[in-house]
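Data block below; observations after.
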Amino acid sequence: MRTLAPTPLHSATTLVASALAIAVGSSASAELTNTFVQVRASANELTEAGFTQLGTSPYVSLPSGECAVNGCVTLAGASSNGIGKGFLEFQFLNYTYNPTYYSGLFVVLDVDYGSTGTTLSQLISLINAETATTGVTALTTAQANNARGTCAFNEWLPTDLADAIVLNWTPSTRPTSSGLSQVFRFAWDFTGVNPLLGGGVTVDGAYALPSPGAFAVLALGGLFRRRQR
């Protein structure tokens, strides 16, 4: 179990991670890690470890608009009723890889902190403390961008996601340039973040995309709903 030294804001609470699947014995895998987020475990491993899948099949991101030649796409994902320990599968159709803009994959999480008292900056710090293991970097929407710095996420995401957390990593194989890409997967486990304060940290929506091009086209078909905190 991982622990974090108490901060003034949470002097009576220890921040811990509760991805317990690593202790399942023979069913555990080197790909399944005891971390807040992960991108290498299989769907079977995650399901057996108690992760809830968002949706029943991979969401698909599509080329969008005149800037599709530079990698503009739609977001792949959906809102949820609040998942503390879950995963998202996604693919990209005819994604145009442009090395000028490509900086890996991104997942945008709409996080509800409940009554835990946890903040966005604290959650980012917890996730980034494990980057050496997971390969995933957590960012704010203002920090998240493509390789050229020409498409900050806070400039095009809807206002409902202004305070979302953005996760970035570079897979060993980039999305295919023609046809449907391989399935990518992102998992999170926030069930152990300040559990003593109740409420729990949950994800109210998860959306994936490859590095956006010169600018992004928002085409979500009304996926977003106004959150009630």
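In this text, all values refer to a predicted model and were calculated from it rather than measured experimentally.
- For Ala147, the side chain to side chain contact (heavy atoms under 4.5 Å, CB included) test picks out Ser103, with sequence neighbours left out.
- The OG1 atom of Thr118 sits 8.0 Å away from the OH atom of Tyr113 when rounded to the nearest 0.5 Å.
- Relative orientation of the Phe190 and Phe36 rings is tilted, given thresholds of 30° and 60° on the angle between their planes.
- With contacts defined as side-chain heavy-atom distances shorter than 4.5 Å, the pair Phe184/Pro171 qualifies.
- By the side chain to side chain donor-acceptor pair (under 3.5 Å) test, Thr176 is found to be paired with no residue, residues two or more places apart in sequence or in another chain being considered.
- Annotation: the span from Thr137 atom OG1 to Ile124 atom CD1 amounts to 11.0 Å, rounded to 0.5 Å.
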Item to check | Stepwise side-chain contact (heavy atoms from CB on, under 4.5 Å) check, Thr134 with Ile127 | outcome: CA-CA 9 Å; Thr134 64; Ile127 294 171; 5.7 Å; no
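- Sorted by first then second residue, the salt bridge (Lys or Arg N to Asp or Glu O under 4.0 Å) pairs that include residues 168-185, not counting sequence neighbours, are Glu89-Arg185.
- Panel note: side chain Ser61, backbone Thr74; a donor-acceptor pair is recorded below 3.5 Å.
- The closest donor-acceptor contact from the side chain of Gln38 to the backbone of Thr33 lies under 3.5 Å.
- In this structure, the side chain to side chain donor-acceptor pair (under 3.5 Å) partners of Ser121, at least two apart in sequence or on a different chain, are Thr119.
- In this view, Glu155 and Ala152 satisfy the side chain to side chain contact (heavy atoms under 4.5 Å, CB included) rule, not counting sequence neighbours.
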Next on the checklist: Pair Val201, Val111 - check side-chain contact (heavy atoms from CB on, under 4.5 Å), show working.
Outcome noted: CA-CA 7 Å; Val201 174; Val111 178; 3.6 Å; yes
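- Nearest approach of Val203 to Ser80, heavy atoms of both residues: O-OG, 2.6 Å.
- Side-chain N or O atoms of Asn168 include none that pairs as donor or acceptor with a backbone N or O of Thr170 at under 3.5 Å.
- For Ala78 against Leu54, the heavy-atom pair with the smallest separation is O-CD2, 3.6 Å.
- Heavy-atom minimum distance, Asn128 versus Val136: OD1-O, 4.2 Å.
- The side chain to side chain contact (heavy atoms under 4.5 Å, CB included) check on Ala208 picks up Leu88, Phe90, Val107, with sequence neighbours excluded.
- Minimum interatomic distance between Thr35 and Glu130 (heavy atoms only, all atoms of both residues): CB-OE1, 3.3 Å.
- Not a single side chain to side chain donor-acceptor pair (under 3.5 Å) links Thr141 to another residue, sequence neighbours left out.
- In this structure, Asn154 CG and Thr159 OG1 are separated by 12.5 Å, a value rounded to the nearest 0.5 Å.
- Every residue meeting the side chain to side chain contact (heavy atoms under 4.5 Å, CB included) condition with Leu93, not counting sequence neighbours, appears here in chain and number order: Val60, Leu62, Leu180.
- Residues in residues 114-154 take part in these ring pair (Phe, Tyr, Trp, His ring centres under 6.0 Å) pairs, two or more places apart or across chains: Phe106-Phe153, Phe153-Trp156.
- The two atoms that bring Ala49 and Lys85 nearest to each other are O-NZ, 2.9 Å, heavy atoms only.
- For Asn44 (side chain) and Glu48 (main-chain N/O), no donor-acceptor pair under 3.5 Å exists by modelled atom type.
- Taking CD of Gln143 as the start and CD1 of Ile165 as the end, the distance is 10.0 Å to the nearest 0.5 Å.
- In terms of the side chain to side chain donor-acceptor pair (under 3.5 Å) criterion, residue partners of Ser42 (sequence neighbours excluded) are, by chain and number, Glu45.
- Rounded to the nearest 0.5 angstrom, Asp163 CG and Asp110 CG are separated by 7.0 Å.
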Checklist entry - Checking side-chain contact (heavy atoms from CB on, under 4.5 Å) for the pair Tyr95/Tyr102: CA distance, chi angles, key distance, verdict? => result CA-CA 11 Å; Tyr95 170 66; Tyr102 183 77; 3.5 Å; yes
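- Among Leu209, Leu105, Asn94, the single residue meeting the side-chain contact (heavy atoms from CB on, under 4.5 Å) criterion with Pro175 is Leu105.
- The distance from atom CD1 of Ile83 to atom CG of Asp112, rounded to the nearest 0.5 Å, is 12.5 Å.
- Under the ring pair (Phe, Tyr, Trp, His ring centres under 6.0 Å) test applied with Phe186, the options Trp169, Phe51, Tyr207, Phe87 reduce to a single match, Trp169.
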